[in-house]
Amino acid sequence: MTLAERLSAIDEAIADAARRAGRDPAELTRIVVTKFHPASLVRELHGLGVRDVGENRQQEITAKTGELQDLDDLRWHFIGQAQTKKAAAIRRAAHTVHSVDRERLADALERAAEDDRALDVLIQVNLTDDPSRGGVNPDGLEALAEHVQSLSTLTLRGLMAVAPLDEEPASAFARLHGYAARLRAVAPDASWISAGMTADFAEAIAAGATHLRIGSAITGPRPAQG
Ligand SMILES: *Cc1c(COP(=O)(O)O)cnc(C)c1O
């Protein structure tokens, strides 16, 4: 299959999953995760109508946004674990940061503001018991949300999560759905749920995901990490 064929096959599968869940496919944003692929692939995707792309490493998003400055209607989503010292570079490159999981990172993103443009952020919540997977422990969700809301150059949009490797995605995403309700209780406008990858986007859609992060099903296998 060509890139165009894979993209349209996934978009059909997304629409089917939405209809099965009684949802309108138009309310879903499909982010194509292009990590490890060259900027030329992002350009090709843009030519196919893709406007939302996701990257998980600071050096890579910085390099690609630099190379693709002419594609000024692309929206870049940073979805990886972020080191505080990389926050300024991430803010410069990304329109949305999905992986805010601690106050220090939120503060560093706030300090990196260079103009009036607000940065959209999501709080990443950890659905596992392993802190190394990234994400705030669910116990700390409200406190982190209130902290992010106190920062004037960040706009809190919602929650992000990655399904655990050792659990059915549907049950993990059901917990996420509950956390999203808790978040809206303290931040009523923070209604985005970023969840669902190649292996589990149908389950994520059934559990209320609004933003899907799909890589390999669209791009093909990722080249070896450089
Ligand atoms: C790589 C990645 C994805 C996409 O994964 P695929 O299985 O290739 O669809 C989604 N979210 C995050 C956080 C990732 O790092």
Side-chain angles (χ1 to χ4, degrees), residues 10-11 14-15 17-18 21-34 50-56 61 73-82 90-91 93-103 105-106 109-110 117-127 133-136 138 140-163 169-170 172-198 200-215:
I10 287 297
D11 284 346
I14 290 170
R23 301 183 58 198
D24 178 358
E27 68 191 38
L28 302 176
T29 301
R30 175 259 295 125
I31 299 163
V32 182
V33 178
T34 49
V50 169
R51 293 297 177 267
D52 290 275
V53 294
E55 290 287 337
N56 73 336
I61 195 172
D73 56 352
L74 272 179
R75 287 178 295 272
W76 293 88
H77 298 257
F78 188 81
I79 63 173
Q81 290 188 35
I90 291 168
R91 179 159 192 158
H95 300 86
T96 306
V97 176
H98 290 229
S99 43
V100 172
D101 60 359
R102 58 197 189 279
E103 291 190 4
L105 177 59
L109 289 167
E110 169 83 359
R117 192 173 57 106
L119 178 70
D120 285 337
V121 301
L122 292 88
I123 290 177
Q124 181 178 355
V125 63
N126 192 344
L127 299 178
R133 301 285 315 274
V136 66
L141 176 59
E142 283 88 352
L144 181 56
E146 281 165 3
H147 185 76
V148 171
Q149 284 182 300
S150 76
L151 301 175
S152 62
T153 76
L154 304 185
T155 303
L156 180 59
R157 292 295 186 187
L159 277 190
M160 181 274 230
V162 178
F173 291 148
R175 288 204 301 287
L176 178 62
H177 188 80
Y179 302 145
R182 275 172 46 189
L183 177 64
R184 285 195 308 277
V186 296
D189 295 332
S191 58
W192 297 6
I193 302 177
S194 166
M197 317 187 353
T198 290
D200 55 26
F201 66 82
E203 290 89 343
I205 291 168
T210 62
H211 290 65
L212 315 167
R213 308 178 311 267
I214 303 183

OG-CD distance between S191 and E27, expressed to the nearest 0.5 angstrom | 10.0 Å
Note: A180 and I193 closest approach over all heavy atoms is CB-CD1, 3.6 Å
Hey, is the main chain of V136 close enough, under 3.5 Å, to the side chain of D101 for a donor-acceptor pair?
-> no
Does R23 reach the side chain of T210, with side-chain heavy atoms less than 4.5 Å apart?
-> yes
Non-neighbouring partners of E142 that pass salt bridge (charged side-chain N to carboxylate O under 4.0 Å, His left out), sequence neighbours left out = R182
Residues in salt bridge (charged side-chain N to carboxylate O under 4.0 Å, His left out) contact with D189, at least two apart in sequence or another chain | none
Can you check whether R91 reaches T153 side chain to side chain, under 4.5 Å on heavy atoms?
-> yes
Residue set satisfying side-chain contact (heavy atoms from CB on, under 4.5 Å) with A145, at least two apart, ordered chain then number -> I123, L156, L183, V186
Which atom of V100 lies closest to which atom of V148, heavy atoms considered | CG1-CG2, 4.3 Å
Contacts of A202 that satisfy side-chain contact (heavy atoms from CB on, under 4.5 Å) - sequence neighbours left out = A17, R20
Report the C-alpha separation of T96 and R75 in whole Å, then their side-chain angles, then the decisive distance to 0.1 Å, and conclude whether the side chain to side chain donor-acceptor pair (under 3.5 Å) test is met.
-> CA-CA 8 Å; T96 306; R75 287 178 295 272; over 6 Å; no
May I have all residue pairs that pass salt bridge (Lys or Arg N to Asp or Glu O under 4.0 Å) and include part of residues 145-154, sequence neighbours excluded?
-> none
Considering non-hydrogen atoms only, spot the tightest contact between I214 and G196 and give its length.
-> CG1-O, 4.4 Å
List for me each residue that meets side chain to side chain donor-acceptor pair (under 3.5 Å) alongside R175, sequence neighbours excluded, and say none if there are none.
-> E167
L159 side chain near L176 side chain, heavy-atom distance below 4.5 Å | yes
For R133, side-chain contact (heavy atoms from CB on, under 4.5 Å) partners two or more places apart | N126, T128, D130, V162, L165
Taking the side chain as C-beta and beyond, is there a heavy-atom pair between L127 and Y179 under 4.5 Å?
-> yes
Minimum heavy-atom separation for A118 to T155, with atom names?
-> CB-OG1, 3.5 Å
Salt bridge (charged side-chain N to carboxylate O under 4.0 Å, His left out) with R102: which residues, sequence neighbours excluded?
-> none
Roughly how far apart are E110 CD and L105 CG, rounded to 0.5 Å?
-> 12.0 Å
Side chain to side chain donor-acceptor pair (under 3.5 Å) partners for D24, two or more places apart | none
side-chain contact (heavy atoms from CB on, under 4.5 Å) assessment of I14 paired with I205 | CA-CA 8 Å; I14 290 170; I205 291 168; 3.9 Å; yes
For E203 and F173 the tightest heavy-atom approach is C-CD1, 3.9 Å
Under the side chain to side chain donor-acceptor pair (under 3.5 Å) rule, collect the residues that match up with H77, sequence neighbours excluded.
-> D52, H98
CG (L212) and CE (M197) are apart, to the nearest 0.5 Å, by 11.5 Å
Salt bridge (charged side-chain N to carboxylate O under 4.0 Å, His left out) against D120, all qualifying residues, sequence neighbours excluded = R157
Can you establish whether the number of heavy atoms outside H177 located under 6.0 Å from its atom NE2 is more than 12?
-> no
Sequence neighbours left out, what passes side chain to side chain donor-acceptor pair (under 3.5 Å) with T29? Give chain and number order.
-> none
Is the shortest heavy-atom distance from the side chain of S99 to the side chain of Q81 under 4.5 Å?
-> no
What heavy-atom pair brings I31 and G54 nearest, and what distance separates the two atoms?
-> CG2-N, 3.5 Å
To the nearest 0.5 Å, tell me how far F78 CZ sits from I90 CD1.
-> 4.0 Å
Flag, side chain of R30 to backbone of D11, donor-acceptor distance under 3.5 Å = no
